[in-house]
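What you see below is based on every heavy atom in this structure, not just the backbone, and it leaves out hydrogens, waters and symmetry mates. Below, read A as the first sequence line, B as the second, and so on, with proteins coming before strands; counting in each chain starts at 1. Keep in mind it's a predicted model, so treat the numbers as computed, not measured.
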4 protein chains.
Amino acid sequence: MSTSTRDRIITEAMRLFGEHGYRGTTIMQIEAAAGLTPGAGGLYRHFNSKDAVLAAGIERQLARLAALRDIRRLLTPLGDLRAELTLIARYSLTELDSESELLRLLASEARNRPQLLTVAVEQLVSSTFRDFAGWLTERTERPISEEEAHTIAAVALGSLFSSRLLRDVLGVSIEADDERLISTWVGMLSATLSQPRAE
Amino acid sequence: MSTSTRDRIITEAMRLFGEHGYRGTTIMQIEAAAGLTPGAGGLYRHFNSKDAVLAAGIERQLARLAALRDIRRLLTPLGDLRAELTLIARYSLTELDSESELLRLLASEARNRPQLLTVAVEQLVSSTFRDFAGWLTERTERPISEEEAHTIAAVALGSLFSSRLLRDVLGVSIEADDERLISTWVGMLSATLSQPRAE
Amino acid sequence: MSTSTRDRIITEAMRLFGEHGYRGTTIMQIEAAAGLTPGAGGLYRHFNSKDAVLAAGIERQLARLAALRDIRRLLTPLGDLRAELTLIARYSLTELDSESELLRLLASEARNRPQLLTVAVEQLVSSTFRDFAGWLTERTERPISEEEAHTIAAVALGSLFSSRLLRDVLGVSIEADDERLISTWVGMLSATLSQPRAE
Amino acid sequence: MSTSTRDRIITEAMRLFGEHGYRGTTIMQIEAAAGLTPGAGGLYRHFNSKDAVLAAGIERQLARLAALRDIRRLLTPLGDLRAELTLIARYSLTELDSESELLRLLASEARNRPQLLTVAVEQLVSSTFRDFAGWLTERTERPISEEEAHTIAAVALGSLFSSRLLRDVLGVSIEADDERLISTWVGMLSATLSQPRAE
DNA sequence: AATGAATGAGATTTCATTCAT
DNA sequence: TATGAATGAAATCTCATTCAT
């Protein structure tokens, strides 16, 4: 096998955690999925505890996330506002899709183990909002306050996040077509940004 | 005490389910919180199983939700688009707040027990989107297709949902001020609805 | 049954701990010996952990010990040195016999869990030496220093202790007859105490 | 390194057995202490089982003991009773000190594995008592019965044994000064041996 | 209606031992 | 000779559920 047992354990564990939650996944299931004898404790050669598997899984996801983020800088400078917004939306949805397991895991465990998951939430969510707010202040024609930028970011990115939160976390499917969603989103946002701020 | 033991069990169980998830909450905890001797099985006088407690809890939440929904009709006819949107936003956030326990519960268990929770999700989420899409088709000046209405609803309501999903489910606090959020949301939405659809 | 399950658990646990050591005794064995289904965890209704069973067992033994100690005062005033020594020796051996389980337990675990057993050792051993040294200073005709009294106590009581330590802890049987041992011990000790201290 | 891995394993294993007991010591700990990779099973190149390590360790201790015993004969003939007793006491304490690991091991495991440890106990304890009883019958001026000699040996050697058993096995420190202990012991014993047997 | 006690099933973790390299 | 990896067995502990009172 080309993958190490340790990697296989992380991969399968994250998949199972995403499917059944942390508590709902047993060490036996992880071992079985990773090709070990279930119940024999083979996992413990590679990790000290079930918690350590979770920590390693989150760490790996965050490392991937960091790699993805490096690409973000390439996306921005296109000149056309609508084109840039479209790219941002596509990128954000793609990023969320690639982190859907982490998202599900965070949703089911975030309140139980804050110490472990605070960092992950920060990386996955908060920083995205901050970055987008920053982009807004630079990009809009009329000057907007930092606070206004943050609120617009919350409303705008919220739409994209909820699309994935509803689907991946709550299991609700509202609409199917990403491209239609994005084009509507871009339309609404550019309408807002280009017209004078209505008191 | 004026509340029956049965009601106290449901109330405390839902609170604990919301905090620690279904699996993360033990019968002993529920009994203790409801004023019964923990571990004595007193809960089983009132419910046949832990699942039955969950079912009763969800049922009660849905009943409250249905009651709330009856008020919705009163809200609509104000004549002014922005005023109506403001009311809708306020109402939606209030409704989500009153269902935050259910929301957290859905997030932690939705994928494991579809039989019990599918209905709840449908009531809480899907119908809200449908209703808002319906309202849109009636209310906008220029005619819009059903599909367009649905997409706009997804984008618009998504902002409001994510505000609560992020806070209550993931534990992230993006912005603090509901009124500012609502006014920005209303501004973006009315800008979209009042201007001609940009192809 | 007239004894409570909790008491039965302590009794059987201490017996098993004495026989096989703390680590060598399993919860299943204790449960089975106490009349519970082995492996069902019924013990945990009465104790939080295996350690808690040990703690309760030691506490009970120490309580018994304290009760025994109250009798000690009755023994002393006989007027005749040899008669008093004989009583002291008999009493000490009896006390050690009634604490043989505790003794074995201390021997096998004392170095692993000092926090739990330090008190027990102090009660069972150190205080006995101190009390006997005190008795010596009062009782001997010629005046002896505190240090001398302590050393004589160490040598004298050591004989009695080792008789039980060897038998109960190491499993060695040196001699059989307690009365012969006591009379020799009394003879040696009175010979020492009555004759002038040879430098 | 000049020591073989096999020797290092025995040395470290006996140290750990003495500290934490046989059951309380894991193969991993022994391997780590012996400079092998813990958990890799390198120990099994040198021993067939954990039991075999214990057996080899005891064997080595007994061999050392036998070597020590050869010196004993040299000690006896000094002519002066007190001088000879002093030597015997010093020798005995030294011997017990050099076997403290074995002593602790016996205390924690003696009752579980008689097949392995019975011999060790016999060598370390019983034979010492026998030898001293034999020495007594030869050395005392007035003739004493074999039984009397055994009882005196039990009382006298018991003092020395308990000094070490209490300290090494139970972890109690009664008195500090070996020389004071020995001189008191010699005093008491010579008083007994030189005066006519009291009734 | 509630409690004390018990139980069956199962979860996490440990560990002596084996095996291919 | 030593190591990385794996396994069978067992140990501690948890918990939903039942039952007699």
Side-chain angles (χ1 to χ4, degrees), chain A residues 1 4-6 8-9 22-31 34-53, chain B residues 4-6 9 22-31 34-53, chain C residues 1 4-6 8-9 22-31 34-53, chain D residues 4-6 9 22-31 34-53:
Chain A
M1 224 150 307
S4 75
T5 299
R6 193 192 141 90
R8 246 164 29 237
I9 288 174
Y22 179 77
R23 277 197 179 77
T25 303
T26 72
I27 299 276
M28 281 178 60
Q29 287 169 348
I30 300 173
E31 285 174 336
L36 300 178
T37 304
L43 179 145
Y44 289 93
R45 173 146 301 260
H46 305 279
F47 298 95
N48 286 326
S49 65
K50 194 181 175 183
D51 254 54
V53 179
Chain B
S4 74
T5 299
R6 193 190 140 90
I9 290 174
Y22 179 77
R23 275 193 180 77
T25 302
T26 70
I27 298 277
M28 277 178 59
Q29 287 169 345
I30 300 173
E31 286 173 335
L36 299 179
T37 304
L43 179 145
Y44 290 92
R45 284 282 137 193
H46 306 277
F47 299 95
N48 287 325
S49 66
K50 194 180 176 184
D51 258 50
V53 179
Chain C
M1 222 148 311
S4 74
T5 300
R6 192 191 141 91
R8 248 164 29 236
I9 288 174
Y22 178 77
R23 276 195 181 77
T25 303
T26 71
I27 299 277
M28 280 178 61
Q29 287 169 349
I30 300 173
E31 285 174 335
L36 300 178
T37 304
L43 178 145
Y44 290 94
R45 171 146 303 258
H46 305 278
F47 298 95
N48 286 326
S49 66
K50 195 180 174 184
D51 254 54
V53 179
Chain D
S4 73
T5 299
R6 192 191 139 91
I9 288 173
Y22 179 77
R23 275 194 181 76
T25 303
T26 71
I27 299 276
M28 278 179 58
Q29 286 170 344
I30 299 173
E31 286 174 335
L36 299 179
T37 305
L43 180 145
Y44 290 91
R45 284 282 137 192
H46 306 277
F47 299 94
N48 287 325
S49 66
K50 194 179 175 184
D51 258 50
V53 179

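Distance from the side chain of A:Ile27 is smallest to E:dT13 among F:dC13, E:dT13, F:dA11. Across F:dG4, E:dA16, E:dA11, the shortest atom-to-atom separation from the side chain of D:Thr26 is found for E:dA16. For D:Thr37, whose side chain is taken as the heavy atoms from C-beta onward, the closest listed nucleotide among E:dT12, F:dT7, F:dT3 is F:dT3.
The nearest whole Å value for the distance from the NZ atom in A:Lys50 to the P atom in F:dT14 is 15 Å. Atom P of nucleotide E:dT7 and atom CZ of C:Arg45 are separated by 12 Å, given to the nearest angstrom. Per the geometry, CG belonging to C:Asp51 stands 17 Å off P belonging to F:dA11, to the nearest Å. Here the P atom of nucleotide F:dT12 and the CZ atom of C:Arg23 are 11 Å apart, to the nearest Å. The CZ-P distance, from A:Arg8 to F:dA6, rounds to 7 Å in whole Å. Here E:dC15 presents its C1' atom at 12 Å from OH of D:Tyr22, a figure rounded to the nearest Å. In this structure, the CG atom of C:Leu43 is 16 Å from the C1' atom of F:dC15, given to the nearest Å. Here the P atom of nucleotide F:dA11 and the OH atom of C:Tyr44 are 12 Å apart, to the nearest Å.
Remark: F:dA5 base-pairs with E:dT18; criterion is Watson-Crick or G-U wobble with both hydrogen-bond distances under 3.5 Å. Shown here, E:dA9 forms a base pair with F:dT14; the pair counts as Watson-Crick or G-U wobble because both key distances fall under 3.5 Å.
Both A:Gly39 and D:Ala40 lie near DNA chain F, and the one whose nearest nucleotide falls closer to the 5' end is D:Ala40.
Screening C:Ile27, C:Ile30, C:Thr5 for a side-chain contact (heavy atoms from CB on, under 4.5 Å) with C:Leu36, the sole residue that qualifies is C:Thr5.
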(message) Please evaluate residues D:Ile9 and D:Arg6 with respect to the criterion side chain to side chain contact (heavy atoms under 4.5 Å, CB included), reporting the C-alpha separation (whole Å), side-chain torsions for both, the decisive distance (0.1 Å), and the verdict.
(response) CA-CA 5 Å; D:Ile9 288 173; D:Arg6 192 191 139 91; 5.7 Å; no

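Across B:Pro38 and B:Met28, no two heavy atoms sit closer than the pair CB-O, 3.6 Å.
The line from OG1 of B:Thr37 to CG of B:Leu43 is 12.5 Å long, rounded to the nearest 0.5 Å. Here the OH atom belonging to C:Tyr44 is positioned 8.5 Å from the NZ atom belonging to C:Lys50, to the nearest 0.5 angstrom.
Nucleic acid contact for D:Leu36: sugar-phosphate only, since backbone atoms but no base atoms lie under 4.0 Å from a heavy atom of the residue.
A sub-4.0 Å separation between OP1 or OP2 of F:dA2 and a side-chain N or O of D:Thr5 is present. Contact annotation: A:His46 side-chain N/O to F:dA6 OP1/OP2 distance is under 4.0 Å.
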